[in-house]
There are 2 protein chains.
Amino acid sequence: MTEPGLIELDPSVPSPVGTLTDRLFDALQRAIVEGEMPQGSKISEPELARRHGVSRGSLREAIARLEACKLVERKPNLGARVVELSAEQLIEIFQLREALEGMAARLAAEAMSDAEIDALGALLEQHGQQIEQEQGQAYFQKQGDLDFHFRIVQGSKNRQLIELLCEDLYHLLRMYRVQFGMRSKRSRQAFEEHQYLLSALRSRDPEMAELVMRQHVRSSRRNLEQALT
Amino acid sequence: MTEPGLIELDPSVPSPVGTLTDRLFDALQRAIVEGEMPQGSKISEPELARRHGVSRGSLREAIARLEACKLVERKPNLGARVVELSAEQLIEIFQLREALEGMAARLAAEAMSDAEIDALGALLEQHGQQIEQEQGQAYFQKQGDLDFHFRIVQGSKNRQLIELLCEDLYHLLRMYRVQFGMRSKRSRQAFEEHQYLLSALRSRDPEMAELVMRQHVRSSRRNLEQALT
DNA sequence: TTTGCATGAGGTGTTGACACTTTGCTTGCG
DNA sequence: CGCAAGCAAAGTGTCAACACCTCATGCAAA
């Protein structure tokens, strides 16, 4: 009954965007990050495939991508397991971040447009108000922290950096945050450091931007190391 | 006729180590890096599967891993292509290296054992002799350069760094080297810089090690930028 | 001649089934 | 009673076939 040249847009079925494997990957990534699939739990391909109503082939491709993101580990003939998060690995990731985001800040100081920097300033102002009003809401702060770092990385305009941090590492980080229930009390100090970084960007000072960002990430790491021992 | 408890080791059939997808991945990775599959060339799944004598399912899993390594790009319903290498991307990769290997050197200055540092010194001595004798053989030098950097990264003892650099980025780098036919004339200077780094490691000076490594990578990048314009 | 649509071939996305490996349990022997 | 060999069930690795999409070729109409 549908006109052959017309496209049906049914809002109740939210456009099946992308391939089936893509959607599976997104769903599983979210499930793992949110902790719905516990750390170290075994992944049974037949069961998962049945629960999601797809075939094992598609599922296996999605799992392969998850493996590339370091969210699952697979051993030949033994199957896949959700990664086990250790304090050591978290430290290692923060060392990575110190190097990568430091470089991102350095590049951003030259590559970001004035408009982007202004938008970043607006975001920070908003964060400041949130801190004033609801000091208990550490969750939003954490999300805001990631937003801030996200924009710096985007501002570097370095595609390698962007993909590496935004499509792999940040998901891992969110997973740690959710599962360790991390809600640090340095939100005020972090907010100040963010403002220092904004100043460095406004001054178009790459050296200073990198220095501040590295110090910022390093402080977070030290704070973690203390909390984890 | 074979003893049930004995394992047959037939040298003519070089031990089918790992899964079929693993071997396919290795073979394709090599083929792409060596340039046997030209940049930007389309990958026809049926044809490749037939040429390697495997099914499309296994091949697709291997391709998915190659995509994670940034060696191929895939668009839904359009298929996979070998990546196109651009000068801009190469620059971006060197910016990544500056940050990552700088951090690796910093960590290595504290984490490497004395024995590892001594072995590194021996390797450098060997490189020095090669430079004296056969100055035309830039190929071995390049391989040697990668060996050197490889050991530093291993020495950082940071698993995230090691996997990221040694299992993904260095393959991309080798691809650029092979396909751009890069044989720089800074091998003597690079050799000197390697020796400075060794000194910093021997002194157990993380700050200095990072500084020297970053300067080293930055010099390579500048040299490239000049050669590519 | 040019534009537009239909049609076919090739290729990708997805599926269900088969073969081999691992694992836990059972069974028989020391 | 303990232990090793073997057996069965579940799970992974691999394959061949089906469904849908894309692109190119050719035909028809303006």
Side-chain angles (χ1 to χ4, degrees), chain A residues 2-10 13-29 37-38 40-68 71-83, chain B residues 2-10 13-29 37-38 40-68 71-83:
Chain A
T2 62
E3 293 286 323
L6 285 181
I7 299 174
E8 281 254 65
L9 282 182
D10 187 350
V13 179
S15 54
V17 64
T19 169
L20 182 53
T21 303
D22 288 333
R23 280 173 284 161
L24 251 181
F25 171 74
D26 289 342
L28 292 179
Q29 179 175 251
M37 304 174 74
S41 66
K42 186 160 174 6
I43 295 178
S44 167
E45 292 180 2
E47 183 196 332
L48 244 193
R50 191 171 41 73
R51 275 176 42 187
H52 285 262
V54 300
S55 98
R56 274 184 57 224
S58 309
L59 178 67
R60 282 173 64 87
E61 279 198 42
I63 292 180
R65 286 198 217 170
L66 291 172
E67 191 185 11
L71 286 177
V72 310
E73 282 176 348
R74 236 163 64 162
K75 293 179 181 176
N77 291 317
L78 290 186
R81 309 186 86 90
V82 180
V83 288
Chain B
T2 61
E3 293 287 323
L6 284 181
I7 300 174
E8 280 254 65
L9 283 182
D10 186 352
V13 180
S15 55
V17 64
T19 169
L20 182 53
T21 301
D22 288 334
R23 282 173 283 162
L24 251 181
F25 171 74
D26 289 341
L28 292 179
Q29 179 174 252
M37 303 174 74
S41 65
K42 186 163 176 3
I43 296 178
S44 168
E45 293 180 1
E47 182 195 334
L48 244 194
R50 191 173 40 75
R51 274 175 43 186
H52 284 262
V54 300
S55 99
R56 277 184 55 223
S58 309
L59 178 66
R60 282 174 64 86
E61 279 198 42
I63 291 181
R65 286 198 218 170
L66 291 172
E67 191 185 11
L71 287 177
V72 310
E73 282 176 348
R74 236 163 66 160
K75 293 180 180 174
N77 290 318
L78 291 185
R81 308 186 85 90
V82 180
V83 289

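Just so it is clear: chains get the letters A, B, ... in the order the sequence lines come, proteins before strands, and each one is counted from 1. Since the model is a prediction, treat every value here as computed from it, not as a measurement.
The CG atom of B:Leu20 sits 13 Å away from the C1' atom of C:dC20 (whole-angstrom rounding). The interatomic distance linking B:Arg50 (CZ) with C:dG11 (C1') rounds to 14 Å, in whole Å. A straight line from CZ of B:Phe25 to P of D:dG13 spans 16 Å, rounded to a whole angstrom. Atom CG in A:Leu59 sits about 13 Å away from atom P in D:dG11, given to the nearest Å. Rounded to an integer number of Å, the gap from A:His52 NE2 to C:dT14 P is 15 Å. Remark: C1' of D:dG13 and CG of B:Asp22 are 11 Å apart, rounded to the nearest angstrom. When the P atom of C:dA19 is taken as reference, atom CG of A:Asn77 falls 17 Å away, rounded to whole Å. Rounded to an integer number of Å, the gap from CZ of B:Arg81 to P of C:dT12 is 11 Å.
Here B:Thr19 does not reach the OP1 or OP2 of D:dT12: none of its side-chain N or O atoms lies under 4.0 Å away. Regarding contacts with the backbone of C:dT15, a side-chain N or O of A:Ser58 is found under 4.0 angstrom from either OP1 or OP2. Residue A:Lys42 has a polar side-chain atom (N or O) positioned under 4.0 Å from OP1 or OP2 of D:dT12. For A:Thr21 and C:dT14, the shortest distance from a side-chain N or O to OP1 or OP2 is below 4.0 Å. The side chain of A:Arg60 contributes an N or O atom lying less than 4.0 Å from OP1 or OP2 of D:dG13.
In this structure, A:Gly79 reaches the sugar-phosphate backbone alone: every heavy-atom distance under 4.0 Å involves primed, P, OP1 or OP2 atoms, never a base. Using a 4.0 Å heavy-atom distance criterion, B:Ile43 is classed as a sugar-phosphate-only contact.
Take the nearest nucleotide of DNA chain C for A:Glu61 and for A:Leu78: the residue whose nucleotide is more 5' is A:Glu61. Between A:Glu45 and B:Arg56, the one whose closest nucleotide on DNA chain D sits nearer the 5' end is A:Glu45.
Between the CG atom of A:Leu28 and the CD1 atom of A:Ile43 there is a distance of 7.0 Å, given to the nearest 0.5 Å. Separation of atoms CZ (A:Arg81) and NZ (A:Lys42) is listed at 6.5 Å; rounding is to 0.5 Å. To the nearest 0.5 Å, atom OG of residue B:Ser44 and atom CG of residue B:Leu59 are 9.5 Å apart. One distance of note links CZ of B:Arg60 with CG of B:Leu48; it measures 13.0 Å at 0.5 Å rounding.
If you check C:dT12, D:dG13, C:dT14 against the side chain of A:Ser55, the one that comes closest is C:dT14.
The existence of a salt bridge linking B:Glu61 and B:Arg65 is excluded, since no basic side-chain nitrogen approaches an acidic carboxylate oxygen closer than 4.0 Å.
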